[in-house]
Number of protein chains: 2
Amino acid sequence: MPVEAKPEATARTSPPLTERQEARRRRILHASAQLASRGGFDAVQMREVAESSQVALGTLYRYFPSKVHLLVATMQDQLEHMHGTLRKKPPGGETAAERVAETLMRAFRALQREPHLADAMVRALTFADRSVSPEVDQVSRQTTVIILDAMGLDHPTPEQLSAVRVIEHTWHSALITWLSGRASIAQVKIDIETVCRLIDLTEPDADR
Amino acid sequence: MPVEAKPEATARTSPPLTERQEARRRRILHASAQLASRGGFDAVQMREVAESSQVALGTLYRYFPSKVHLLVATMQDQLEHMHGTLRKKPPGGETAAERVAETLMRAFRALQREPHLADAMVRALTFADRSVSPEVDQVSRQTTVIILDAMGLDHPTPEQLSAVRVIEHTWHSALITWLSGRASIAQVKIDIETVCRLIDLTEPDADR
DNA sequence: CGCTAATCTAGAACAAGTTTCAGACTTGAT
DNA sequence: ATCAAGTCTGAAACTTGTTCTAGATTAGCG
């Protein structure tokens, strides 16, 4: 029986893509990011993505079953990039809280450089319904790894994981309020620093 | 003339609405909530809302310039309701953190009873772009009031306001992860309790 | 090579949010 | 009561995400 599986963003390993297919997928993601950088979520129009990446509309939908899937995959792509960058220059703070805050603010500044792209990706993430859960979850896991990296933890306690989840919540939501112009950059910074203090609470031996 | 429109905390904009207009507005919001309760964000179709509320499509758009505006207004409406309900039975916890957590969990359970409605409102909130900022801001302020109420504070310090903002971030984001099936109710509870511990950090004399 | 199933393409078609418009109806002021 | 300005209606049109179809191309296999 021939395999019926479609190419899928999350499963980079399951169905072996041919070289041309891999190239198509890459072209699509590139076009997506490019259009997003220009005009945000609304500027990523499926017909334009298809044309820019020299792929038929039907093919685009075979690779990414919806606009949200496409943008979430774009975010995965960018996150990998960022994780690599952050790894090269680890944060230098004394406490875990400081390092996490520094890392997130660094990520935040990177997003500031491409606010439209950030808009597209974040809107897609929060608008995603259940059909995109696996992909969104993957993004979430990737973010968790980045934060744990900054904390310098290998075996976090359940309490610490909970704190990390709260930090992620804050990070996403603060990003949204900034993107929609309801909070200043300074305020985002304060909120992130505030939530990072939670980390201190979960470190038995680190107190003030 | 005798515009008897007693502003129900929803400070309508400049022009005072006539009675029939107020009635139309109310019919629209009712239809919106009803459709949302049935099938969530997607089930709120502008043509159906118009038909259900016996209003022409163009009129619907005159009252609410977009689907997101409509749903955010629906949320304002529901929030007022909830604030009233919560006020009648204030939370009974010892510390501010406990009371806030209890309040939010109570609100959460209310949303659980109408998960589709919750879905519609929250998706609209996070998907809103700049053109809806004023309305979204209003929702945010209303939420802040509810939390400060639970804390029993009249004159919060900047630090406390920051903690409240972080709690709101967590609340929204946790709601989203629950709605999209990526987190259990138990997990939401833990996250809320975790973030509420931040409150203790901002109370110099609270027991620890 | 030659076959067959899978994939890709171009383009039409459909769905739902949004806009537009001409004409009927309300409202407020004279 | 009458008039002007503003509002509402019904219907069509437009936009963009999504689906569908028929035919061309490609990949893997004997």
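Note that this is a predicted model, so its numbers are computed, not measured. Letters A, B, ... mirror the listed sequences (proteins, then strands); counts begin at 1.
Within the nucleic acid shown, Val44(A) comes within 4.0 Å of sugar-phosphate atoms alone, with no base atom in reach, counting heavy atoms only.
Taking atom CZ on Phe127(B) and atom C1' on dG17(C), their separation rounds to 11 Å, with Å as the unit. Residue Glu19(A) contributes atom CD, which lies 11 Å from atom P of dG28(D) at whole-angstrom precision. Separating the CD atom of Gln45(B) from the C1' atom of dC14(C) is a distance of 13 Å, rounded to the nearest angstrom. Rounded to an integer number of Å, the gap from CG of Asp42(B) to C1' of dG17(D) is 12 Å. In this structure, CD of Glu22(A) is placed 15 Å from P of dA27(D), rounded to the nearest angstrom. For the pair Leu70(B) CG and dA16(C) P, the computed distance is 17 Å after rounding to whole Å. In this structure, the OH atom of Tyr63(A) is 18 Å from the P atom of dT19(D), given to the nearest Å. Rounded to whole Å, the distance from CD on Glu51(B) to P on dA11(D) is 11 Å.
Nearest to the side-chain atoms of Thr18(A) among the listed nucleotides dG17(D), dG28(D), dT18(C) stands dG28(D). Comparing dT19(C), dT9(C), dT18(D) by their closest approach to the side chain of Tyr61(A) singles out dT18(D). Which of dT9(C), dA12(C), dT19(C) sits closest to the side chain of Leu57(A) comes down to dA12(C). Distance from the side chain of Arg20(B) is smallest to dT26(C) among dC8(D), dT26(C), dG17(C). Residue Met46(B) has its side chain nearest to dT18(C) when only dT18(D), dT9(D), dT18(C) are considered. Comparing atom distances between the Lys67(A) side chain and each of dT18(C), dT18(D), dT9(D) picks out dT18(D) as nearest. With dT18(C), dA13(C), dC8(C) as the candidates, the nucleotide lying closest to the side chain of Gln21(A) is dC8(C).
Between the side chain of Arg47(A) and the base of dT15(D) there is no donor-acceptor pair of N/O atoms closer than 3.5 Å. Not a single donor-acceptor pair, N or O on each side, falls under 3.5 Å between the base of dT9(D) and the side chain of Arg62(B).
Classified by interplanar angle (parallel below 30°, tilted 30° to 60°, perpendicular above 60°), the ring pair Phe108(B)/Trp178(B) is perpendicular.
Side-chain contact of Arg182(A) with Ser180(A): a donor-acceptor pair under 3.5 Å is present, judged by distance alone.
Salt bridge Arg197(A)/Glu193(A): absent, no basic N to carboxylate O contact under 4.0 Å.
Nearest-nucleotide positions on DNA chain C place Val55(A) closer to the 5' end than the other of Pro65(B) and Val55(A). Map Gly58(A) and Phe41(A) each onto its nearest nucleotide of DNA chain D; the residue landing nearer the 5' end is Phe41(A).
When side chains are defined from C-beta on, Leu29(A) counts as touching Leu70(A), because their heavy atoms get closer than 4.5 Å.
With Phe127(A) as the aromatic partner, Lys67(A) does not meet the cation-pi criteria of under 6.0 angstrom to the ring centre and within 45 degrees of the ring axis.
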